[in-house]
Each structure stands twice: as C-alpha cells, then as structure tokens.
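Shown next, in structure tokens, is the structure this report addresses.
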Amino acid sequence: MEMTIGANIKRLRTAKNITQEQLSVAMNVTCAAVSKWERGETYPDITLLQPLAYFFGVTLDELMGYDQEKIQAEIDEVITLYRKHRHSNKGREIIVKAYKDYPNDYWIMHYYMWNIAGHFADNDPAVLIAHKNEFLAICGKILDGCTEENLRLGAWNMRAKILHAEGKTDEALEIYKTKFTDWYTTSGQKTEQLFSKNTDEYYFWLNKNMYELIAFAGHKLAQVIFYDRSLSIKEKGKKAISYGKMMIRCFDEAEDIFFAGLAEAFLGQTRGLLMYCGGDDEDVVAILDMNLYVAKKIAEAEKEDNVVHEAYFPTRVSVEENDFLAWIVNTLINPKDERRAELLKNPEYKAVLDKYRK
C-alpha cells in the first residue's frame with residue numbers, strides 16, 4: 001500500500017490556491033519541508049496530521065489517501081494472483097510482498113503462513129520450528145480478531161502442526177479432536193438435513209454431497225495405493241490402471257455418473273502423483289486416457305443434470321471453461337512446469353490430449 005499523503009497535500013493546497021510558503025507558515029514549518037512532503041521525500045510529523053486535515057477541511061483518512069474500498073480491491077487482486085501461482089516461486093514472491101504491504105489482512109496472513117510452511121500437508125518440521133514464533137503470532141492475531149471460521153481453523157491447524165513438530169503429538173491431536181468437526185457434523189451433512197426427505201431440495205443436496213464424497217474417496221484411494229511402500233512405482237501404476245479399468249466397467253455397465261465421478265477423482269489424483277513422483281510416461285498416458293474418458297462423460301452429464309453441474313462447476317477457475325473436460329484439457333496443455341512440458345513432447349501423451357481437445 002503506497003503512502004500518498006504528499007500527493008494529497010499538493011492536490012489540496014492547489015485546490016485552495018495557496019502557495020507552499022503560505023502552508024508552511026500555517027503549519028509553522030519551513031517551505032523546504034512542505035516541498036519535501038509534496039515530492040514524497042519525507043512525511044509530515046505525526047503531530048501535524050490533525051492540523052493539516054483541519055486546515056484543508058478533510059478527514060485524516062482522506063488526507064493520508066486511505067481508501068478502504070480501493071485497498072480491499074488491491075488485496076483481492078493480489079489474492080487472486082497468488083492463488084493462480086501459489087505452488088510456484090512466483091507465488092512465494094507475491095505473498096511475501098503482500099504480507100509486507102498488507103500485514104493486517106487476515107487472508108494475506110493466512111496465505112503467507114501456509115505458503116512458508118509448505119501448504120497443508122507433508123510439512124517439514126524444521127521449517128515449522130524455524131518460523132514458530134512468527135507463525136504463532138499470526139495465529140494469535142487471527143484467533144483474537146478474525147471471525148471467519150475457515151481462517152480460525154487454519155490458525156488452530158497451524159498450532160497443531162507446530163506442536164507435532166515439537167514432539168507434542170498428543171496435544172496436536174487434542175486440537176483436532178476439540179476444534180474440528182467430525183464427518184457427520186460437516187456443512188454438507190447439515191445442509192442436507194435442513195430439508196424433509198420427501199422434498200426435491202433434500203434429494204438435490206443428497207446427490208450433491210454424494211459427488212463431493214466420492215471425489216474425496218477417489219483421492220484417498222489413489223493415495224492409499226501410491227503411498228504403499230510395499231509396492232514399486234511400476235506396481236503402483238499397474239494397480240492404479242487396473243482399478244481405473246474396473247471403475248470404468250462399472251460406469252459403462254450401470255450408466256451411473258456416480259462411477260464416472262469416482263473414477264475421475266481417482267484417476268486425476270493418480271495421474272498427478274505418477275507425473276510428478278517418478279511414474280513412467282507409459283503409465284501416465286494410460287491413466288490420462290481413462291481420466292479424460294470419464295471427464296467427458298461428466299461434461300456430458302452436467303449439461304443435462306443440474307446437480308452434476310453444481311457439483312463440478314465450482315472446481316473450475318473461470319466460466320470460460322464451458323465444461324469439466326475442457327477445463328482439464330486446457331489445464332494440461334499449459335506447460336507450466338518442466339515435467340508437463342516434457343510430457344507434451346511425448347507423441348502418445350499429446351495424441352490423448354488431442355483426442356479429447358475441442
């Protein structure tokens with residue numbers, strides 16, 4: 001946030017049609033001091049702010065160029081840019097600067113803390129300990145002054161992570177037990193229970209929650225296979241391909257989008273794990289082909305079924321992505337890192353993308 005008081009003094013002085021010398025006399029400072037204020041080389045002494053505001057007939061906020069709506073718009077723009085680059089070095093640069101410029105914004109604090117910590121999973125205990133005091137100070141600010149529940153839970157989560165890094169795992173688990181909800185008291189479950197079971201509203205939320213849960217289950221299953229230390233990376237790929245084929249057979253036979261949703265979540269998560277954690281191109285291509293096949297089925301279903309659309313549309317960043325398949329393909333053809341750029345040189349990988357690209 002740039003301090004604009006000097007420019008404001010010059011603007012207000014000019015509007016009053018007075019000289020720098022006249023202003024200096026009124027404020028009992030030198031003419032050179034006023035000149036430096038207006039050039040942005042120095043700022044007025046804090047004791048002069050109220051007299052200056054009174055002299056010009058403006059509020060202190062107006063004098064200092066503080067426009068809450070403008071500042072919030074700047075913060076929103078920075079956060080949007082950060083979310084786009086959060087997993088890159090550019091994202092780190094954006095959020096570190098934002099924290100310096102807007103140190104009291106709760107969302108900026110939140111994103112800064114979790115970026116430095118390495119995001120929400122697989123955190124390095126050494127990093128957490130190294131930044132312990134800074135992170136706990138941020139958590140304290142959020143818990144003392146912020147009313148947004150997601151940010152407050154983020155602060156409790158960080159406190160638990162730091163306790164675990166210090167070897168106090170029982171205390172960390174107690175935080176999760178007392179501060180976080182269980183599966184049956186989630187917002188989705190409670191939204192569903194708001195309506196009578198013989199109503200259209202209940203059936204809508206029941207189905208929407210089901211899609212969210214199968215996506216969650218698909219991601220978990222992919223991780224269960226990938227982090228099985230008894231399997232080699234090739235065996236993990238082979239098992240994932242086998243599971244993917246089985247899910248697609250279920251979809252083809254039942255023609256129920258439930259199985260397509262389960263398969264897409266499982267295959268999408270597996271594809272990412274294999275791409276970036278040592279899987280060979282052959283397995284990545286096989287997984288990708290199945291992944292895009294079920295994504296296509298979901299894209300077709302969401303045009304006819306509002307529940308499917310509501311379940312999958314929030315995933316997409318922009319309304320320009322007119323369906324779920326287009327969103328995935330457009331994401332993959334963007335070579336945002338070395339691994340993706342490398343795969344795009346593979347004719348078989350590119351052929352699969354071209355097959356589903358509109």
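Please read these numbers as outputs of a predicted model, since none were measured by experiment.
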Inset, instruction - For the pair Lys234 and Asp283, evaluate salt bridge (Lys or Arg N to Asp or Glu O under 4.0 Å) and give the outcome as yes or no after the intermediate values. - result: CA-CA 8 Å; Lys234 191 63 182 177; Asp283 290 342; 3.2 Å; yes

Inset, instruction - Start with the C-alpha distance between Arg339 and Asp281, add both sets of side-chain angles, then the distance that settles salt bridge (Lys or Arg N to Asp or Glu O under 4.0 Å), and finish with yes or no. - result: CA-CA 10 Å; Arg339 178 57 172 146; Asp281 287 8; 3.0 Å; yes

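Put simply, the side chain of Ile116 reaches to within 4.5 Å of the side chain of Arg92, judged on heavy atoms. Residues Gln22 and Arg13 fail the side-chain proximity criterion, which asks for heavy atoms closer than 4.5 Å. With contacts defined as side-chain heavy-atom distances shorter than 4.5 Å, the pair Trp114/Ile95 does not qualify. Considering only heavy atoms from C-beta on, Tyr293 comes within 4.5 Å of Lys297 through its side chain. Using a 4.5 Å heavy-atom threshold, the side chains of Asn115 and Tyr82 count as touching. At a threshold of 4.5 Å between non-hydrogen side-chain atoms, the residues Asp76 and Gln72 count as touching. Within the 4.5 Å cutoff, the side chain of Trp37 has no heavy atoms near those of the Ile5 side chain. Lys239 is not listed as a side-chain neighbour of Lys236, based on a closest heavy-atom distance of 4.5 Å or more.
Trp183 and Phe216 have perpendicular rings, their planes meeting at more than 60° on a 0 to 90° scale where under 30° would count as parallel. A parallel orientation is assigned to the rings of Phe135 and His131, their planes being inclined by less than 30° (bins at 30° and 60°).
Of all the heavy atoms in Ala33 and Thr42, the pair that sits closest is O-OG1, 4.4 Å. Residues Leu353 and Val329 come closest through the heavy atom pair O-CG1, 4.3 Å. In plain terms, the two heavy atoms of Thr270 and Ala222 that are nearest each other are OG1-CB, 3.3 Å.
Between the side chains of Glu93 and Asn89, not a single donor N or O lies within less than 3.5 Å of an accepting N or O. Glu264 and Tyr312 are not linked by any side-chain donor-acceptor pair at a separation below 3.5 angstrom, with hydrogens and angles left out of the test. Judged purely by distance below 3.5 Å, without hydrogens or angles, the side chains of Tyr356 and Asp289 pair a donor atom with an acceptor atom. Remark: the Tyr184 side chain and the Gln193 side chain contain no N/O donor-acceptor pair separated by less than 3.5 Å. Under the 3.5 Å distance criterion, with hydrogens and angles disregarded, no donor-acceptor pair is assigned to the side chains of Tyr99 and Asp105.
Arg340 places a side-chain N or O within donor-acceptor distance of the main-chain N or O of Thr331, the cut-off being under 3.5 Å. Without hydrogens or angle criteria, Asn207 side chain to Tyr203 main chain gives a donor-acceptor distance under 3.5 Å. A donor-acceptor distance shorter than 3.5 angstrom exists from the side chain of Asn330 to the backbone of Ala326, with no hydrogens or angles considered.
Under a hydrophobic clustering in which Ile, Leu, Val, Met, Phe, Trp and Tyr are joined whenever their side-chain heavy atoms come within less than 4.5 Å, directly or via other members, Met275 and Leu221 fall into the same cluster.
Between atom CG of residue Leu163 and atom CZ of residue Arg159 there is a gap of 9.0 Å, rounded to the nearest 0.5 Å.
Partner of Met158 under the side-chain contact (heavy atoms from CB on, under 4.5 Å) criterion, out of Ile138, Leu128, Leu136: Leu128 alone.
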